Structures are given as structure tokens and as C-alpha cells.
There are 2 protein chains.
Amino acid sequence: MGHFLSITVNDKLYIKDPQSSDLGQKILKNSIILIDELGLDNFTFKKLADHIESTEASIYRYFENKQKLFLYLLNWYWEWLNFMLENNTINVSDPRKKLRIMLMVLIDSAKRNLDVEYIDEDILHRLVIVEGAKGYHTKFVDQQNNEGFFLAYKQVCASLSQTIMEIKPDFPYTRSVASMILEMTFSNIYFSDHLPKLTSIESGEDRQDELLKMMEFIVDKILG
Amino acid sequence: MGHFLSITVNDKLYIKDPQSSDLGQKILKNSIILIDELGLDNFTFKKLADHIESTEASIYRYFENKQKLFLYLLNWYWEWLNFMLENNTINVSDPRKKLRIMLMVLIDSAKRNLDVEYIDEDILHRLVIVEGAKGYHTKFVDQQNNEGFFLAYKQVCASLSQTIMEIKPDFPYTRSVASMILEMTFSNIYFSDHLPKLTSIESGEDRQDELLKMMEFIVDKILG
DNA sequence: TAATTATGATAGTATTACTATCATATGCAA
DNA sequence: TTGCATATGATAGTAATACTATCATAATTA
């Protein structure tokens, strides 16, 4: 079914739509793999070009630079996340149940029903967890925010925020709790893999269950 | 009084101790200013060298590369934060009061009593808020963690964690809540300046009071 | 068949991220 | 005072990065 849905990304992020051509799709697919492998800092267009047996010049026809490409990938992920959140809660009227499902989607994006062959959502999810914060923690955030580069991310928060409001209409900090849920979920996955002292979640078999349990506990406490 | 205290930073982060010489102190002072001004990505040793009227070669005698210099600054900040947390809670026995003070220190590091002329704590605090996450969101986090580059950060979390445990000995998620407090506090300051849709805190006069109020509210709810 | 478009091949520039060498100044030790 | 170590500066050089430009050619489309 997912085959019929396509993700639309802010067109200021690319020069030429990478989803529209073979080479473009190759760039997306392999940039995700390479950034995951090398880290964003060590990833270069040259390395990507060599990897896909193309040239730097060709890649520059799609993206201005690697930051834009990276923001493109982040936006693709956020748009996809928005779709997943929407899609999985469409017939759920109980807001508490809805929030629970949203937490599950955030944690376990593996339940995907959208397969775009040129994007590996699992690797992308990992990439977002590891490097995602770099997308908006930059000196140029204001300028990029003006260009709408964070709309999709803000939409994810808005959806969470909306659901919190449905649960507790008089809750005074919906937006901060929404962004906290997002960041806390991701960072606890990251911490459990790399900085275990910073999390109560152990990396292992039932990590996702543990994390869901914890996030539900925290959210329940906060929303009373 | 602070004049007599010095901050010790993991010696694997530098080649030659920058706190031990004029040039080293100049490097620290001006790297903070320049990274704040240009952003970490656009900051280079060449620009720093020109700025302080020295040479790249001289700077490389102190730091291997800019990542190490950046990690040094982060560590300096974290060590300093640890000192501030410790120093401000030393005679406070009520753990709830202690946590409240710790939140205040996190939010308003302006109450500083340690003046090292070669570090501007205010700019450094801003820098940590804007770029701090880049310190540990990297592909090389495991290796760097092994070298102890995050000990000071983990110590901050440990102190928070400890205090939470004093408040509620049976609380199951002290570590995750501790890291959440840290990250949420910083990101809400950042968001209120740059991505207001992601926070309930408005940038302005009484932001710090509002933030403290919110963080206390959240923590109170979570700890019951 | 001609025209357009997409990609590849190649070259070139400025900047970055270093490393190496030599000269000089400064301080301390004998 | 001489001498020696140490710190910094000055200069040069290399490989990689981050682009930009031009031309050739293959594939599409009109």
C-alpha cells in the first residue's frame, strides 16, 4: 500500500529533486548508508561519488552542499514520521491511547508500511538518532528556520502537543513536553548504546519495551 | 574566592596544557568567542590564529584538532558546572531544596563566583547550549567515551541522579530523568531563542524564572 | 532528425587540516 | 655572563575538501 504514497520535501533543500531520477535516488540511498558508516563529519561528496561510481559534479547538481543534503534526509524522515503518526492513529479517538501509539511509533519505527526502495528507514532512523540534533543545533538555525527547513519537525511536535492537549486541556506546557518526549526518546536509545550511565534503559532484547514503559510512566506522571 | 580554584580537564584532550601559558589562555578565550560567533563548523584554527595574531602551527602545539579543542571547552564547562553544583548545595540537606538549587544553577549560570579571566562563562554557557550536543553526538563517541572525554558530563548527571534518589529512593528511572533534566533545560533555552514552536517558554525578561517554574513543575510531577 | 536534458570526464581554485623546519626571543641554570 | 632549554613565530609544503566551470556524450523528447 505504501507504494502509492510519496514524501514531499521542502524544495529549497535541493537544486534538482533527487526523488525524480535514478541518480537522485542512488544519492539518497547511499548518502544514508555512508553517513551512517562514516559519521556526518567524515562524509564527503567525493566519497559518495566514488561509492556510487559517479562524480562530485553530478551530486552538486542535486544538492548545494552536504548540510543541505543532510537536512533533506532529516526532513524526509520527519515527513515520513508525520505520516506514520497520522496513519497509525487515524481511527483512535481516545487521546491517551493515541499518545501511547505515538510513543510506539517514535520508538519502534520498524513497524513500517511504507517502502520506498531508495530509502532504508531503519538506517535513517538510526542516523536521525545519532546525528539528528546537528540539523538544528547550528549557528544558522534562524535563517534556515525562515526557509522552512524545520516545518516537518515542528509538525511532529505539534501533533504530540495536540494530543497532550486533548488529554489535559489545561496543561500549561504542552509544547515543551512534546519536544521533550521526542528528544528524550531518541537520546535514551542513543545513550543505551553509547553512554549507558546517562540512561536507565539497558541496551538489549527488550529495550524498546522498557523504553516504551518508561516513556509512558514519565508522561503519565506529568499529565497526572 | 573563586580565584583560588582551578578547573582540571582530562589531559588526553590537549597536547600542552592551555591553562599553563599566556598563548594557551588566549587560545581558550578566543576560541570560545570565535566558535560562538562563527559556529563550530565554520571555525578554523587559521581563523583563530589570525584573530589572536599567532599562527596555526602554534595552536597545533596545544590541540590536535578543533574537535579536541571543542571537547576541551565542553569539559571545562562541565567541570565548572560540577563545581558550581557542588559549591551551591554544600550545606543543603533537604534534597528537594537541593534539586531546586541545581536547576537554578543549570538555568542561570550567571551566578558565578569563579572568575577565570581567560574564560567567559556566559559565552561558554551559550556555546554549550547551542553546540554542546555535538560533543557526544558523533560516530566516535565510543572511542572517546573510553578515553574519558565524557566523565565530567556523566558526573553532572550522576549528581542530579543522586539527588533524585535522595528524594525518592525507589524511583526507577533516576538516570534517564537526570539526563532529561539537563537536556530539557538547555534545549528549552535554545528553543525559546530560535524555535519557539518547540517550547512553552517565551524568550524575554523573565525567561529564567519561567523555565525554573516549568522544570520544577515537571520534576515535581515526575517525582510525585 | 533535431533539440533538449542528464550525466560523466576533466580541470582548476580557494580553503582546510594538518606537518616540518628554521629562526628568534625569553627565561633559568651554572 | 654564558649557555641551554623552551616557547613562539615565520615560512613552506602536502593532501584533502568544497566547490565551479567547461566540454563531451548518451539518452529522451519533440
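Numbers restart at 1 for each chain; the letters A, B, ... are given by sequence-line order, proteins then strands. Being a predicted model, the structure only gives us computed values, none of them experimental.
Atom CG in B:Asp41 sits roughly 13 Å away from atom C1' in C:dT16 (whole-Å rounding). Atom CZ in B:Phe45 sits roughly 16 Å away from atom C1' in C:dT15 (whole-Å rounding). To the nearest angstrom, C1' of C:dA17 lies 14 Å from CG of B:Leu48. Taking atom NZ on B:Lys47 and atom P on C:dA14, their separation rounds to 16 Å, with Å as the unit. Atom CG in A:Leu69 sits about 15 Å away from atom C1' in D:dC19, given to the nearest Å. Between the CD1 atom of B:Ile52 and the C1' atom of D:dA7 there is a distance of 14 Å, rounded to whole Å.
Between D:dT8, C:dT16, C:dA20, one nucleotide has an atom nearer to the side chain of B:Ala57 than all others, and that is C:dA20. In this structure, of C:dA9, D:dG9, D:dT17, it is D:dG9 that holds the atom nearest to the side chain of B:Leu23. Residue B:Thr55 places its side chain closer to D:dA10 than to any other of C:dG8, D:dA10, D:dC19. Set against D:dG9, D:dC19, C:dG8, the side chain of B:Ser54 has D:dG9 as its closest nucleotide. Nearest to the side chain of B:Asn65, among D:dA18, C:dT16, C:dC18, sits C:dC18. When the nucleotides D:dT8, D:dC23, C:dC18 are ranked by their closest atom to the side chain of B:Tyr60, C:dC18 comes out on top. Of the candidate nucleotides D:dT8, D:dT17, C:dG8, C:dG8 has the atom lying nearest to any side-chain atom of A:Arg61. Residue A:Lys66 has its side chain nearest to D:dA18 when only C:dA20, D:dA18, C:dA17 are considered. Closest to the side chain of B:Ser58, out of D:dT17, D:dA21, D:dT8, is D:dT8.
Using a cutoff of 4.0 Å between basic side-chain nitrogens and carboxylate oxygens, B:Asp120 and B:Lys29 are not scored as salt-bridged.
For B:Tyr77 and B:Trp80, the ring centers are positioned less than 6.0 Å apart.
With 3.5 Å as the limit, one finds no donor-acceptor pair spanning the side chains of A:Asn42 and A:Lys47. A:Thr55 and A:Tyr60 form no side-chain donor-acceptor contact under 3.5 Å, judged by distance and modelled atom types alone.
Across all strands shown, A:Lys26 has no heavy atoms under 4.0 Å from either base or sugar-phosphate atoms. Backbone-only contact: A:Tyr62 has heavy atoms under 4.0 Å from sugar-phosphate atoms and none from a base. Counting non-hydrogen atoms under 4.0 angstrom, B:Gln67 reaches nothing in the nucleic acid.
Nearer to the 5' terminus of DNA chain C, by closest-nucleotide assignment, is the contact made by A:Lys16 (compared with the other of B:Asn42 and A:Lys16).
Relative orientation of the A:Tyr136 and A:Phe150 rings is perpendicular, given thresholds of 30° and 60° on the angle between their planes.
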